[in-house]
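Have a look at the structure below before the remarks.
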Amino acid sequence: MRSKRSTGAVLLAGALALGTPVAHASTDPGRDTLLGTRPAWATAGADAGAAADGSRVSARVYLAGRDAAGLAAYAKAVSDPSSTSYGKFLSAARTRARFGATAAQVAAVRTWLKDAGLTVTGTNRHYISVTGEVTDAERAFGTQLHNYRKDGHTYRAPAKTASAPAGLNGAVLTVTGLDTAPHVATHDDQLPPPDTVFRNAGPFSSSYGSKTASTLPDAYGTKIPYAVRGYTGGQLRAAYGAGSRTGKGVRVAITDAYASPTIASDAATYAGKHGDAAYRGGQLRQVLPKKYTATKECSASGWYGEETLDVEAVHAVAPASDIVYVGAASCHDDDLIDSLGKIVDGRLADIVSNSWGDIEANQTPDLAAAYDQVFQLGAVEGIGFYFSSGDNGDEVANTGTKQVDTPANSAWVTAVGGTSLAVGKGDSYLWETGWGTLKATLSDDGESWTGFPGAFTSGAGGGTSRTVPQPFYQRGLVPTALATANGGAPMRTVPDISAIADPNTGFLVGQTQTLPEGGQAYGEYRIGGTSLAAPVVAGVQALAQEAHGGRPLGFANPAIYARYASPSYGARVFHDVTDDPTGGPGLAVARVDFVNGYDTADGLATSVRTLGADSSLHAVRGYDDVTGVGSPAPGYVESYRR
């Protein structure tokens, strides 16, 4: 998700201080406050007056279920290797019976909403959707709705925190939709627009360093290699210790918005061209909504390449795993939450890869609560969620403010950071560095690099959350200087683990695209971003689950950090990725690109890309805010062997 509202309030800890807002008694003895429902930008200074009484409101009232605190406690217990309940997951049916909302709770909430004048438009296991006028919403939620100025626009939001009747006995978790700020997601990657074909110009290295740019200027005192054409499955499997594991018997889900109309043929063609196992019947399937919305606002076709990358990367790393793509109806948060909920409600997968995100400043506690509830339910069932950490480093160049991305900042997901990966001849692992790129262009006379090493272009997202308290599994393992980087108490730090992301050492994908002269054709190009890292790690986790006897790994962070902390595992489990893996003066590759993205009609652009320079973030020995505990080493997969 790449655009959610801002939040200045710290997420209130539920049981276990893992960031789940809950209802609390308000100053009105007859009401329970729904914490986090008034966005931080709804200030008195930005107030532009009361919203028109007749304006329409569409909202979702999320249900807290039978035992919200118990849900968080059980999710922690089954995920923690030191707990006697570790791995004792519940079925979807038992999870609903133990933690889901009761029929009486649903009926009581529906009655309250209807009595306030709102129209119930839908009910499912997680929420009740309603519509009505501003006056109806104000009556229901005990707050006035005002207009507020934000970033040059005017949006509606509650003038005070919303509340629900105390007589509902905490049946309401939160309400979303009372504010009208944009809630749209974008994919985290370096994707070209798929409506027009994208091609890499070359020359290329087939493996890292195999072709030297001998006619181009030196960088860091030496000749540099050309960027790779794009790694394929065999190279990634070798780098991350797949061995003979294939992910057999493991189900991996992928969520994005919309759906590529050519994914089946593209994935099959790609696998055939690059030595990946052919897809079995039913191995790749899609679960799609009845209709799509906001296709123009969300640039729907731009998500096709994301799905293609995710599917082909998972299959390349774990070729025997079953893949289910669960497409959201739009890039809006509510629809993305729905896609995640489908996976949990139907127990569709063991591992869920998510290559989308937003800046934390656009996050609001109400939506964070809705997301975390789904993640906790998934943890109870043995489902692990993996989110890309972002592609803009510390986000300063992108937003002007140092911050992390969301939902990767959730204490209930595995945040996947990014690296630049060097795979040499014979699929040998050479090194990794934290993904962070500086770019300088070739001078007009071809004798030097202009402004070398150049400006920051992209890098793995990471850093310290301002809203999510430090989870138990990071205590004592994340350096204090990072955990308290924002001042005050220790907070959630991301990422947790990392894998290949740099588009200059990226992955080759195959996709049907529109040709500039008209028509469509299958083509291949190199791609990167933490959108690549997330499905690669999901694939590695599928291999680890196979090694685990096929038993689900569930929410993986406690087990990942336990391995990082244990001297018995050591370097065989994680590559300790740093900014300077070779001890040299600097690492760089040369790139030649088509100016127009697909042919030489508008010329070529030659540049040098410095590696391992991620804005203000640094990959250092031990845990860091670029790569987390590092990337999977050859012993990682087998460390789960039962």
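The first residue in the sequence is number 1, and the count goes up from there.
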[X]-[Y] side chain donor-acceptor pair, cut-off 3.5 Å:
X: Q541; Y: Y386; answer: yes
X: D496; Y: T414; answer: no
X: Y561; Y: Q474; answer: yes
X: T255; Y: W356; answer: yes
X: T176; Y: D366; answer: no
X: N486; Y: T464; answer: no

Closest contact, heavy atoms only, [X] versus [Y]:
X: E306; Y: S355; value: OE2-CB, 3.3 Å
X: A538; Y: I351; value: CB-CG2, 3.8 Å
X: E381; Y: A92; value: OE2-CA, 3.5 Å
X: A547; Y: V637; value: CB-O, 3.5 Å
X: A415; Y: P495; value: O-CB, 3.4 Å
X: V172; Y: A64; value: C-CB, 4.0 Å

Give a yes or no on whether the backbone of [Y] and the side-chain of [X] come within a donor-acceptor separation of less than 3.5 Å.
X: Y240; Y: V317; result: no
X: Q373; Y: L63; result: yes
X: Y473; Y: A411; result: yes
X: E307; Y: S260; result: yes
X: T161; Y: L35; result: no
X: N557; Y: V413; result: yes
X: R492; Y: S410; result: yes
X: N392; Y: G390; result: no
X: T493; Y: M491; result: yes
X: T530; Y: A533; result: no

Heavy-atom side-chain contact between [X] and [Y] under 4.5 Å:
X: R98; Y: R66; result: no
X: Y304; Y: P261; result: yes
X: V416; Y: S388; result: no
X: L118; Y: F141; result: yes
X: W112; Y: L168; result: yes
X: E360; Y: S465; result: yes
X: C331; Y: W303; result: yes
X: V626; Y: S498; result: no

Close aromatic pair by centroid cut-off 6.0 Å: Y371 and F387 = no
Atom pair [atom1]/[atom2] of [X] and [Y] - distance to nearest 0.5 Å:
X: I263; Y: I254; atom1: CD1; atom2: CD1; answer: 8.0 Å
X: L336; Y: S330; atom1: CG; atom2: OG; answer: 6.5 Å
X: Q363; Y: R466; atom1: CD; atom2: CZ; answer: 13.5 Å
X: D625; Y: L482; atom1: CG; atom2: CG; answer: 5.0 Å
X: I359; Y: N409; atom1: CD1; atom2: CG; answer: 11.5 Å
X: I337; Y: H332; atom1: CD1; atom2: NE2; answer: 12.5 Å

Take S129 and T121 through the side-chain hydrogen bond (donor to acceptor under 3.5 Å, both in side chains) test and state the conclusion after the steps.
-> CA-CA 5 Å; S129 56; T121 58; 2.9 Å; yes
Give the C-alpha distance, both sets of side-chain angles, the deciding distance and a yes or no for side-chain contact (heavy atoms from CB on, under 4.5 Å) between L377 and H126.
-> CA-CA 11 Å; L377 290 168; H126 304 289; 3.7 Å; yes
Would you check, one step at a time, whether the test side-chain contact (heavy atoms from CB on, under 4.5 Å) holds for R251 with L348?
-> CA-CA 7 Å; R251 298 172 299 167; L348 300 182; 5.5 Å; no
How about R551: does its CZ atom have over 12 heavy atoms from other parts shown lying under 6.0 Å from it?
-> no
Look at the aromatic rings of [X] and [Y] and report parallel, tilted or perpendicular, splitting at 30° and 60°.
X: F99; Y: Y74; answer: tilted
X: Y258; Y: Y292; answer: tilted
X: Y640; Y: H548; answer: perpendicular

Contacts of S83 meeting side chain to side chain contact (heavy atoms under 4.5 Å, CB included) (sequence neighbours excluded), chain-then-number -> A77, D80, S85
Could you walk me through whether R60 and D338 pass salt bridge (charged side-chain N to carboxylate O under 4.0 Å, His left out), step by step?
-> CA-CA 12 Å; R60 282 187 179 183; D338 280 349; 2.8 Å; yes
Carefully, step by step, assess T467 and Q403 under the rule side-chain contact (heavy atoms from CB on, under 4.5 Å).
-> CA-CA 10 Å; T467 64; Q403 59 187 306; over 6 Å; no
Can F385 and V344 be said to form a side-chain contact (heavy atoms from CB on, under 4.5 Å), step by step?
-> CA-CA 11 Å; F385 296 88; V344 172; 3.8 Å; yes
